[in-house]
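For ligands, and for the atoms within them, numbers begin at 1 and follow the listed sequence. Numbers for residues simply follow the sequence, beginning at 1.
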Amino acid sequence: MRNILLFLLTLLLLTECCGNKPDVCPPDDPARAVNYNKTYPIVDSLLRVMTLDEMIGQLVLYTSDWDVTGPSIRDGYVDDIRAGKCGNIFNAYTADYTRKLQEIAVNETRLGIPLLFGYDVIHGFRTIFPINLGISASWDMPLIKESARVAAREAAAAGLHWTYSPMCDICVEPRWGRISEGAGEDAFLGSAVARAMVYGYQGEDLEDPLTIAACVKHFAAYGAPHAGRDYNTVDMSERWLREFYLPPYKAAVDAGAQTVMASFNEYDGIPATANSHLLTEILRHEWGFDGFVVSDYTGIMEMINHGTSRDLEDASIQALNAGNDMDMQSGGFSDFLKKAVEEGKVSRKTLEEAVRRVLTVKARLGLFQDPFRYCSAEREAAETKTGANLLTARTLAEESCVLLKNDNALPLAKGARIAVIGPLADSADDLLASWRGAGQVEGVKSILDGIRDYSDRIIYVRGCELDGDVKTGFGAAVTAARSAEAVIMVLGESCDWSGEAASRTSIRLPEIQTELLKAVAATGKPVTIVLMNGRPLDLSEESGMADAILEAWFPGTMGGEAVARLLFGDASPSGRLSVTFPRTLGQVPIYYYAKNTGRPYVHPGVKYESRYLDCENEPLYPFGYGLTYTTFSYGKPELSADNFGPKGSITAKATVTNTGSREGTEVVQLYLRDMVGSVTRPVKQLKGFERVTLAPGESRTVEFEITPELISFWRKDLTFGPEAGEFRLFIGPASDCQEYATFTYNE
Ligand code: BGC
C-alpha cells in the first residue's frame, strides 16, 4: 500500500480536468491566479482512501525549530511528519532543508502527500521592503504588487509555498505595536493594498514555482484591541465592523487569496478562532471563500484562557466546527479530533471538508504534480537579492517616506558639511524592522552610510541612546551642529518597539531624544529630523523645533540609500500618510472618517460642542497628508452631471497643477460625504486616488467615476447598497481638503 499517491497521480494525470466555476475576478486586475478555478480530482481520490489519522494530519501545522514566534509545543515535528500526523510546516526554509523534510513526507508516509511550507513573509523575504505601514504610504499599487512579487519569488525559491500575509487589520490605535504591519486606518486604501499584495504573491498561476499562496490575516478586527494592548478584547458593532474593518479582508479574498488566518482576539464575546459568524457565515457563505482557514499561533489552545472552552479537546471541537480548518501549534487537532469524530462531536463531513480545502490548496500550488517544484537551490541563488529586487526595494522605500514638514531645509546641498546626529543614524539593523523574514543585516547601509555617499564632510555624533537619561553625548552633538552647515537627526523607536507583542502607552519620542533635539536646535542651524518608527507618533513638540521632518518608518534593506537620495534631492518625497498623526495620545482613537455627531464643533469657543478643553480636535498631520519639493494647486472639482441613478454613473474631475520649480508627484485623493443616510455617515470617506507626476508648470486633469457601488454602504437594515440623496464630493491633496461639488443619487 506504500505510496498510493503515486498510483493515484499517474491515474489522474491522464484524466485531470478543469471544471470551471464562475469567474469572480474583480475587473481591475486580470492577473488573478488563473488556476484558481480548476477542480482537482486527485483530492477526491485521496479523500476516498485516507484514514481518519491521515485526514487529521493534513489539518495540523507545526513550526520547525528554526524560528519561533511563540512557545514551541512540539519538539518531534520530524517524527510527526513521518507518522503522517503533520501535513504542514512553518518556519522552515531554504531549498535544501525543505527538500529534506518534503522527502520524508513524500517517501516515508503511506500516501506521500506533500507538505505545505509556510512562513511570515511580511514585507519581503531576503530583500526587505519598508514596513507595511510605510508601504501603504506610497499609495502606489503597482509598486506594492511588485514588492509582493519580489517577496514571492525569493520565498518560493527558498522552498516556501505560503506566506502569512497580507495583514489586513485596520487600525486607529497607535499604541498597538502591530499597527506597523498593516496598511493604516482606511478601508478603501487598505483594500487596494490587500488586493495588490495578493496579486503580487499569487501571480498569474499558482502552479508557477515562483508564486506563493497568500494568507489574509488576522480575521477579524485584530487591529482594534482595547487600549492598544496586544491580544486584548475587541468589541464593536456589526455595522462598524462591516463598514470600516472588513473591507480589506474581503478585498484580499475577492482577489483570490487561498487562505485566511483567524485572529487571536474575541469578537462579540466569541474568540475569532471559533467564531462561526466570522469564519462560516461571513467568510464562506457571504464571501464565497473556498480556501482554508488556519488558526493563529496556539489560537485554539488560547480559547481555554479566553474562558470559552473547558480544555483543549473542547477548544479543538469548537474551532473545527466553527470553520477553522487548520490548527497552528496547539496540538489539539492532533490529540483529540479522532475521538471527537468517533463520538460524533465533529461530523465526518466537517472533517472531510476541511481536509478537502487543504488538499485543494496544495493541488493549486502544483504540489501533487511535483512536490519538489519549489526546492531548487539554483533558483534560490538566482532569485535572491538580485539587482532588480534591490532597486524595487529602494524605489518603494523612497515612495513610502512622508515629508511632514519642510521650511526650506530640504533638499540638502551635495557635498555640504553636515552633522549627522542621533541614536538611529548608524543603525542598519533597525532599518529591517520586525518580521524581517530571512533578511540579513550584512551589507545593509545605515542612513549615515547613505548620507556619506553624498558628502565627505560628515561629522557623526550619536548624541544619546534611544531611551534613558544619559546626556554625556549632548556636548559633542551641539559642537558638531555648530560646525556644520546643516544637521540631520535620525530619531525614533527601536525596531522592536513595534510589531507583535510590542504595545506602548506612550507615542512620544523618549524624553532624552527630544532633549537632544532641543539642545541641537538651539544652535540655530537648520535641523532635519529623519524618523524611524512603527506607529504614528505625537510630534507636537518636535515639529515646533525642527525645520524639516521626514517620516521614514523602518524602510528596509535599501532604506539608507533611499533616505539619502530623498535628503539630497536625487529623489523627491511622494508618500502620503495612511494613518492620522495625533497631537497627543489623548485624541486617540482619531481617524479622518469620523461621524459629524449631534454637536459638531463649529463655533470656536462654544462649550457644549464636541471638543476638548485643552486641545484642538484636528490632528497634527491628517490622513493623506504629505509634502514634496514642489507645490500643487487644485481647481474646483467638476462633475459631468449633478445626478445619476442605479444604472448610471457620473464622472468627477479636477485639474492639478505643479506650481513649483521641480518635478513632483502628487497623490490626488477623492472623498465623498453622504449628507443624509438611514444611519449616520462619516464626514468624509476616501473613494479614489491617483498618483500623478508633473513637471514644473504642468497641469493634469484627474478623473474618477462615481458609481452606485462607490456610494454604497451598510444601510439601516444591514443590507449593502446606495441610498438616494445628496452627496458632497471633494478632490484634494489630503483628507482635510475643503473644496467640494454636490450631486444627487436618485433611486
Ligand atoms: C502572529 C501571526 C503570525 C504567526 C506565525 C503569530 O504570533 O500573530 O501574525 O503569522 O505568529 O508566525
Side-chain angles (χ1 to χ4, degrees), residues 60-74 77 86 88-93 116-125 131-133 148 151 155 160-171 173 176-183 194 197-198 201 212-225 228-232 234 248-249 252 257-267 271-273 291-303 305-306 319 324-331 433-439 496 498-503 534:
V60 171
L61 169 63
Y62 288 133
T63 178
S64 86
D65 41 19
W66 274 33
D67 203 345
V68 201
T69 48
S72 188
I73 303 298
R74 210 82 162 190
Y77 66 96
C86 168
N88 315 280
I89 289 287
F90 68 122
N91 294 333
Y93 56 86
L116 185 69
F117 290 106
Y119 196 60
D120 288 286
V121 181
I122 307 297
H123 51 109
F125 181 62
I131 54 167
N132 302 77
L133 190 60
L160 293 166
H161 312 134
W162 180 30
T163 174
Y164 303 140
S165 173
M167 194 270 217
C168 299
D169 303 325
I170 292 294
C171 184
E173 180 42 90
W176 191 50
R178 302 198 82 170
I179 195 171
S180 60
E181 295 175 45
M197 293 188 77
V198 173
Y201 290 135
I212 53 179
C215 181
V216 183
K217 74 184 189 186
H218 305 82
F219 193 68
Y222 180 42
R229 206 179 69 222
D230 207 1
Y231 318 124
N232 204 5
V234 170
Y249 306 111
Q258 294 295 298
T259 73
V260 168
M261 187 185 291
S263 52
F264 285 130
N265 57 282
E266 67 173 73
Y267 171 70
T273 307
F292 71 80
V293 174
V294 60
S295 75
D296 199 350
Y297 213 103
T298 54
I300 294 178
M301 183 186 285
E302 290 167 28
M303 288 167 56
N305 286 339
H306 275 291
N324 195 329
D325 305 302
M326 190 182 283
D327 175 359
M328 186 198 295
Q329 280 297 91
S330 289
S434 70
W435 296 116
R436 57 181 63 182
D496 54 16
S498 56
E500 187 174 356
S503 295

Which bit of Arg178 gets closer than 4.0 Å to ligand 1, counting heavy atoms only: side chain, backbone, both or neither?
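Under 4.0 Å from ligand 1, Arg178 contributes side-chain atoms alone.
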
Once you restrict to heavy atoms under 4.0 Å, what part of Met167 touches ligand 1? Side chain, backbone, both or neither.
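The answer is neither; Met167 stays 4.0 Å or more away.
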
Contact between Pro225 and Asp230 at the side-chain level, heavy atoms closer than 4.5 Å - yes or no?
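No; the side chains remain at least 4.5 Å from each other.
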
Criterion ring pair (Phe, Tyr, Trp, His ring centres under 6.0 Å) against Tyr93, the qualifying member of Phe125, Phe117, Trp162:
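When ring pair (Phe, Tyr, Trp, His ring centres under 6.0 Å) is applied between Tyr93 and each of Phe125, Phe117, Trp162, only Phe125 qualifies.
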
Judged by non-hydrogen atoms, does Phe90 sit under 4.0 Å from ligand 1?
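For ligand 1, residue contact (heavy atoms, under 4.0 Å) with Phe90 is present.
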
Are any of the heavy atoms in Glu181 under 4.0 Å away from ligand 1?
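Per 4.0 Å heavy-atom rule, Glu181 does not contact ligand 1.
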
Any donor-acceptor pair under 3.5 Å linking the side-chain atoms of Asn324 with those of Thr273?
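No pair is found: no donor N or O on one side chain lies under 3.5 Å from an acceptor on the other.
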
Taking atom types as modelled, is there a side-chain donor on Asn132 or His123 under 3.5 Å from an acceptor on the other?
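No.
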
Element-labelled atoms of ligand 1 that are located less than 4.0 Å from some non-hydrogen atom of Lys217
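Close to Lys217: 2 (C), 3 (C), 9 (O), 10 (O).
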
Using a 4.0 Å cut-off to any heavy atom of Tyr297, which atoms of ligand 1 qualify?
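Per the distance check, 6 (C), 7 (O), 11 (O).
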
Is there any N or O on [X] that sits under 3.5 Å from an N or O of ligand 1?
X: Tyr164; answer: no
X: Asp296; answer: yes
X: Tyr222; answer: no
X: His218; answer: yes

Verify, without hydrogens or angle tests, whether Asp169 (side chain) and His218 (backbone) share a donor-acceptor contact under 3.5 angstrom.
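Checked: pair present.
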
Keeping Ser263 on the side-chain end and Ala220 on the backbone end, is there a donor-acceptor pair under 3.5 Å?
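Yes; judged by distance alone, with no hydrogens or angles, the pair exists.
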
Sequence-distant partners of Trp176, ring pair (Phe, Tyr, Trp, His ring centres under 6.0 Å), two or more places apart
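Per chain and number, Trp176 pairs via ring pair (Phe, Tyr, Trp, His ring centres under 6.0 Å) with Tyr222.
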
